[in-house]
Amino acid sequence: MSTFSAPKGVPDYFPPVSASFLAVRETLVQAARLAGYGYIELPVFEDTALFARGVGESTDVVSKEMYTFTDRGGRSITLRPEGTAGVMRAVIEHGLDRGQLPVKLAYAGQFFRAEQPQAGRYRQFHQVGVEAVGVDDPALDAEVIAVADAGFRALGLTGYRLELTSLGDATCRPQYRETLQAFLAKLPLDEETRRRAEINPLRVLDDKRPEVRALLTDAPLMVDHLSAESRAHYEQVKGYLNDLGVKFAENPRMVRGLDYYTKTTFEFVHDGLGAQSGIGGGGRYDGLMEQLGGQPLSGVGFGLGVDRALLACQAEGLAPGDVARCDVYGVPLGEAAKSRLVALAAPLRAAGVRFDLAYGGKGLKGAMKGADRSGARFALVLGERDIEAGVVQLKELSSGEQVQVPLADAVNSVLGALGR
RNA sequence: GUGGGUGUAGCUCAGCUGGCAGAGCACUGGGUUGUGAUCCCAGGUGUCGCGGGUUCAAGUCCCGUCACUCACCCCA
């Protein structure tokens with residue numbers, strides 16, 4: 001019989017790593033919650049046109065990387081490649097922007113891109129994101145960045161840096177783009193790079209090849225061509241970040257792959273990860289909501305990579321979450337003992353104690369081994385002798401110390417031993 | 001889409017100029033008829049990715065193919 005494997009480029013998370021995966025996701029969401037972001041749960045597929053119009057037809061994400069299919073009603077559907085467009089769709093559809101602004105929302109979930117997989121790059125990946133919509137206040141840009149930074153720090157991560165720049169706005173970016181294109185047109189670039197210069201000239205600035213970088217040392221930079229408004233905005237964001245104690249490095253050649261970004265853009269980069277080193281990124285988007293048929297409101301947000309943050313934790317020797325899968329483990333000797341321990345499971349679990357026991361008629365040795373492997377602090381050992389005496393043996397596995405407690409009062413004894 | 005690397009036990013991997021398919025971990029049992037993690041002993045697991053070729057003989061050499069992986073590209 002042939003077997004199956006997961007589709008290409010899709011990670012499975014199972015114990016014990018899955019405990020860290022959950023902890024990473026929860027820690028990042030909690031950072032947003034602490035800043036007043038409300039949770040929003042959205043579908044993983046949307047109308048294809050939402051992404052085409054929101055993210056931009058010319059982006060690689062839309063033109064080459066979307067999972068798009070026709071549903072049974074003949075509609076073109078796409079598995080979401082990013083989170084912001086869907087949030088904007090929901091904000092507009094449900095009029096969430098009609099109350100007091102900003103609207104602050106957080107989400108967590110799967111995203112899909114049909115790329116060639118490699119270390120840290122998956123076809124299904126997980127992001128935690130926030131969007132703060134409706135107020136163009138540089139303090140909010142700084143808050144969004146600070147929330148991401150707080151999330152990463154709460155995981156214990158230290159080996160990352162924050163890169164920051166401004167992409168300008170509708171009044172200055174088009175002119176800059178032409179200036180840059182004129183500059184690039186004079187350079188001896190290969191055909192593929194030349195084509196890139198046509199579609200997204202900013203991306204050329206980010207080229208990794210030293211020989212190309214050398215040609216670009218005198219290239220005009222967006223930060224030197226900002227409108228007065230964007231310049232002031234950028235300066236204020238940096239001021240607020242200093243107030244918040246968030247360290248950053250300016251990278252005027254940073255590129256984002258999504259068309260909607262304006263003004264503030266940022267990226268968190270970890271250096272223990274290989275080529276796919278971005279663990280999070282985001283920025284402000286002035287025109288997106290209007291582009292999607294809503295009010296002309298600006299927003300700012302981020303997407304943080306849960307998979308990559310987990311890899312970063314592993315690279316730093318961190319294992320967030322509880323590796324133990326239970327607190328107390330039952331070791332029954334014989335059928336009578338098993339039924340007593342099975343009966344204890346419900347009250348123990350109801351009291352919040354994670355309880356498991358040895359199933360399958362294991363011997364004492366095997367059951368004790370199960371207790372050890374489960375990570376439990378205590379084992380409850382019960383045999384015929386104990387039942388006759390009305391007691392159960394409560395053994396602390398780390399020390400090996402064992403005490404007898406009354407079987408009828410086992411739940412309270414366990415709670416006391418756990419210090420609860 | 002384009003390159004490089006790797007496919008051997010559940011996992012991590014060794015296997016030399018071709019000569020009986022291996023280790024550690026994990027799992028099961030025993031040493032200890034009621035005590036795990038440590039220690040000792042025993043046990044089983046394989047279409048050596050798949051197909052073809054060379055050879056007395058292929059995990060090993062050759063050709064093809066598939067998969068995985070890293071990198072370019074792109075990005076979380």
Side-chain angles (χ1 to χ4, degrees), chain A residues 1-11 14 24-25 28 55 59-65 80-84 108-129 148 152 192-193 195-196 199-200 203-204 206-209 254-258 267-270 273-282 302-312 329 331-334 337 358 360 362-387 392-402 404:
Chain A
M1 187 68 80
S2 67
T3 59
F4 295 100
S5 53
K8 188 182 177 72
V10 172
F14 45 86
V24 168
R25 192 177 66 187
L28 296 176
V55 177
T59 61
D60 279 27
V61 168
V62 169
S63 64
K64 318 197 281 212
E65 299 172 0
R80 59 184 183 185
E82 60 93 57
T84 304
Q110 293 95 324
F111 297 85
F112 308 85
R113 290 183 200 171
E115 298 180 273
Q116 204 54 243
Q118 70 183 80
R121 187 169 74 182
Y122 304 114
R123 290 184 170 182
Q124 171 178 276
F125 57 100
H126 303 77
Q127 268 185 283
V128 168
F152 290 137
E192 193 184 329
T193 308
R195 197 161 44 241
R196 209 182 309 160
I199 299 168
N200 186 350
R203 182 159 295 158
V204 178
D206 199 31
D207 202 300
K208 287 180 179 176
R209 295 167 294 181
M254 186 172 66
V255 177
R256 301 268 79 203
L258 313 178
E267 189 168 326
F268 288 86
V269 181
H270 195 279
L273 291 189
Q276 307 301 317
S277 57
I279 55 174
F302 64 58
L304 310 182
V306 176
D307 311 88
R308 288 185 189 174
L310 176 56
L311 291 171
Y329 194 91
V331 177
L333 300 170
K362 285 189 182 61
L364 176 61
K365 189 182 174 114
M368 284 304 296
K369 190 166 189 173
D372 184 60
R373 294 299 149 101
S374 76
R377 276 182 65 193
F378 293 96
L380 276 176
V381 183
L382 187 67
E384 300 295 336
R385 251 189 250 157
D386 306 301
I387 294 173
V392 61
Q393 308 295 329
L394 180 61
K395 177 169 187 170
E396 184 174 40
L397 291 163
S398 59
S399 66
E401 283 173 31
Q402 183 168 310
Q404 260 185 28

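A quick note: this is a predicted structure, and the numbers were derived from the prediction, not measured.
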Can you give me the closest heavy-atom contact between [X] and [Y], atom names plus distance?
X        : Y        : value
A:Ala309 : A:Phe152 : CB-CE2, 4.2 Å
A:Ala148 : A:Phe268 : CB-CE1, 3.5 Å
A:Leu28  : A:Leu304 : CD2-CD1, 4.0 Å
A:Gly120 : A:Arg308 : O-NE, 2.6 Å

Nearest-nucleotide comparison on RNA chain B, the residue closer to the 5′ end among A:Lys362 and A:Glu401: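 Its nearest nucleotide being more 5', the pick is A:Lys362.
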Can you list everything that forms a side chain to side chain donor-acceptor pair (under 3.5 Å) with [X]? Sequence neighbours excluded, please.
X        : value
A:Asp307 : A:Tyr13, A:His126
A:Arg113 : none
A:Ser399 : A:Glu396
A:Lys8   : none

N/O contacts under 3.5 Å, protein versus nucleotides 5-9 of chain B?
none

Using residues 363-385 of chain A as the side-chain source, report each donor-acceptor pair under 3.5 Å to any protein atom, sequence neighbours left out, with the distance given to one decimal.
{"residue": "A:Ser374", "atom": "OG", "partner": "A:Ala371", "partner atom": "O", "Å": "2.8"}
{"residue": "A:Ser374", "atom": "OG", "partner": "A:Ala376", "partner atom": "N", "Å": "3.1"}

Looking only at atom [atom1], what distance separates [N] and [M], rounded to whole Å?
N     : M     : atom1 : answer
B:G15 : B:U8  : P     : 14 Å
B:G44 : B:G24 : P     : 14 Å
B:U60 : B:G22 : C1'   : 15 Å
B:C48 : B:A58 : C1'   : 11 Å
B:U45 : B:U6  : P     : 30 Å
B:G10 : B:C50 : P     : 13 Å
B:U17 : B:A57 : C1'   : 16 Å
B:U55 : B:G49 : C1'   : 23 Å

Nucleotide-level pairing of RNA chain B, given in dot-bracket where Watson-Crick and G-U pairs need both distances under 3.5 Å and | marks other strands: (((((((..((((.....[..)))).(((((.......))))).....(((((..]....))))))))))))....
Test side-chain contact (heavy atoms from CB on, under 4.5 Å) applied to A:Val269 - qualifying residues, sequence neighbours left out: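 With neighbours one apart ignored, the set is A:Arg161, A:Glu163, A:Glu267, A:Ser277.
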Residues which pass side-chain contact (heavy atoms from CB on, under 4.5 Å) with A:Leu311, listed by chain and number, not counting sequence neighbours: A:Tyr122, A:Leu273, A:Gln314
Gap between atom CD of A:Gln127 and atom CZ of A:Arg80 - 0.5 Å precision: 9.0 Å
Protein-to-nucleotide contact annotation, 5' to 3' order, nucleotides 69-76 of chain B [B base; S sugar-phosphate only; - none; under 4.0 Å, heavy atom]: -SBBBBBB
Protein proximity profile, nucleotides 37-47 of chain B - base contact B, sugar-phosphate-only contact S, no contact -, cut-off 4.0 Å on heavy atoms: S----------
A:Val392 and A:Asp386: CA distance, side-chain angles, deciding distance, side-chain contact (heavy atoms from CB on, under 4.5 Å) verdict: CA-CA 6 Å; A:Val392 61; A:Asp386 306 301; 5.5 Å; no
A:Arg203 side-chain N/O to A:Thr193 backbone N/O, donor-acceptor pair under 3.5 Å: no
Any donor-acceptor N/O pair, A:Arg123 side chain to A:Pro117 backbone, under 3.5 Å: no
In whole angstrom, what separates [X]'s [atom1] from [N]'s [atom2]?
X        : N     : atom1 : atom2 : result
A:Leu333 : B:G34 : CG    : P     : 7 Å
A:Gln402 : B:G34 : CD    : P     : 13 Å
A:Leu394 : B:G34 : CG    : C1'   : 16 Å

Sorted by number, the residues of residues 376-386 of chain A with heavy-atom contact under 4.0 Å to RNA chain B: A:Val381, A:Gly383, A:Glu384, A:Arg385, A:Asp386
Beyond-backbone contact of A:Arg256 with A:Leu258, side-chain heavy atoms, under 4.5 angstrom: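 Side-chain contact under 4.5 Å: no.
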Side chains of A:Gln393 and A:Gln402, donor plus acceptor under 3.5 Å: yes
